[in-house]
Amino acid sequence: MPSSKKDLSLEFAGKKKQLAIVRLTRGAKRNALSDGLVAALRDTFQNLPGTVRAAVLTGDGEHFCAGLDLSELKERDAAEGLHHSRGWHVALDAIQFGPVPVVAALHGAVVGGGLELAASSHIRVADATTFYALPEGSRGIFVGGGGAVRIPKLIGVARMTDMMLTGRVYNAEDGERLGFAQYLVPAGSAFDKALELAERIAGNAPLTNYALMHALPRIAEQPADHGLMTEALISAIAQAAPEAKQRVRDFLSGKAGTKVKKA
Ligand code: 1HE
């Protein structure tokens with residue numbers, strides 16, 4: 001599927017252009033995810049320049065994302081539906097298991113495939129206008145963008161089942177309490193907060209960020225004794241990196257300025 005470049009923009013910010021800002025620019029259609037836009041997400045996250053250390057994912061207009069572009073759903077048969085869903089999996093895996101942590105800045109509707117997209121990021125910052133829903137149930141369809149795997153990890157199977165069976169909508173406050181978002185901020189400030197967090201993340205040792213993105217979710221799925229072994233291996237690799245040694249030396253000599261402060 002060729003990517004629809006006009007529906008997505010990529011900009012860079014921060015020192016040495018370490019931050020990528022990926023923006024859905026299809027506000028007139030509430031950033032509904034057409035096949036071309038899903039392909040653009042895939043291509044963008046698969047090809048981030050090596051200078052990038054963290055990314056922010058945001059959407060133009062009143063809403064983060066209205067989910068699947070329903071106008072493209074009408075004519076698909078079962079085989080096409082299967083390949084369509086697998087295409088989303090590749091694109092959203094490129095976000096979750098890509099080169100850098102992704103902070104999603106949420107506002108307005110985060111619904112259907114928009115929630116699946118948000119769930120593929122590593123940190124979600126929601127402003128007070130955010131609401132979450134899975135209208136697939138009322139459209140006679142099912143999640144197909146990895147939501148069945150990722151959303152229960154955020155809010156549990158029971159809540160997701162309820163959302164799809166009853167059309168329940170969660171507001172921003174409840175969403176933060178339940179685990180959709182890790183941060184709740186005033187209306188209009190999600191992007192700024194996401195950028196601030198991305199800057200902080202970009203300052204981490206790359207291997208620590210890599211371990212958090214690629215090892216932690218897999219460790220959490222492993223039986224405990226396998227998980228402990230994987231943890232030992234990745235922690236051994238991370239602590240052996242010259243950057244880790246330098247950071248520990250800086251702390252011990254009082255130079256780091258990274259003492260933990262009371263929240
Ligand atoms: C769309 C879509 C869309 C808006 N596909 N065109 N997702 C849904 O079921 C959610 C459907 N959308 C909505 O419920 C509402 O649009 C919103 C609550 C998100 C926003 O409401 P509002 O009043 O701001 O906008 P609107 O007037 O409804 O929509 C503006 C335009 O965007 C309008 O087109 P226009 O040509 O008449 O201006 C809408 O048709 C269009 N639009 N949402 C196509 N989703 C991998 S499987 C994932 C499965 C799913 O995601 S299912 C859930 C799909």
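Just so it is clear, the structure is predicted and the values come from calculations on it, not from any experiment. The figures here come from the full heavy-atom set of this structure, side chains too, leaving out hydrogens, waters and symmetry mates. Both ligands and their constituent atoms are indexed starting at 1 by order of listing.
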Over 12 foreign heavy atoms within 6.0 Å of CZ, R76: yes
Under-4.0 Å heavy-atom contact with ligand 1, by part of S85 that carries it: neither
Atoms in ligand 1 with a heavy atom of G145 nearer than 4.0 Å: 46 (C)
Candidate with minimal heavy-atom separation from atom 10 (C) of ligand 1, of G87, C65, G27, A66: A66
Numbered atoms of ligand 1 (with element) below 4.0 Å of P135, judged on heavy atoms: 8 (C), 9 (O), 53 (C)
Atoms of ligand 1, numbered as shown, that sit under 4.0 Å from any heavy atom of A28: 30 (C), 31 (C), 32 (O)
Trace of the salt bridge (charged side-chain N to carboxylate O under 4.0 Å, His left out) decision for E243 with R247: CA-CA 6 Å; E243 181 162 351; R247 283 169 180 251; 2.9 Å; yes
Cationic tip of R218 above F97 ring, under 6.0 Å, 45° of axis: yes
Proximity of A32 to ligand 1 by residue part, where a heavy atom lies under 4.0 Å: side chain
R23 charged N/C atom sitting above F191 aromatic ring, 6.0 Å / 45°: yes
A133 touching ligand 1 at heavy-atom level, < 4.0 angstrom: no
Option of least heavy-atom distance to atom 34 (O) of ligand 1 (set: R139, H63, K29): K29
Per-atom contacts of ligand 1 with L68, taking only distances under 4.0 Å to non-hydrogen atoms: 3 (C), 5 (N), 45 (N), 48 (C), 49 (C), 50 (C), 51 (O), 54 (C)
Side-chain heavy atoms of D69 within contact of K29, under 4.5 Å: no
Close-contact set for ligand 1 against G67 heavy atoms, below 4.0 Å: 51 (O)
Sub-3.5 Å N/O-N/O distance, G144 and ligand 1: no
G113, any N or O under 3.5 Å of ligand 1 N or O: yes
Which segment of L33 sits under 4.0 Å of ligand 1 when only heavy atoms are counted: neither
Contact check: R30 vs ligand 1, nitrogen or oxygen atoms, below 3.5 angstrom: yes
Numbered atoms of ligand 1 (with element) below 4.0 Å of E136, judged on heavy atoms: 48 (C), 49 (C), 50 (C), 51 (O), 52 (S)
Residue A109 vicinity, atoms of ligand 1 by number, heavy atom under 4.0 Å: 19 (C)
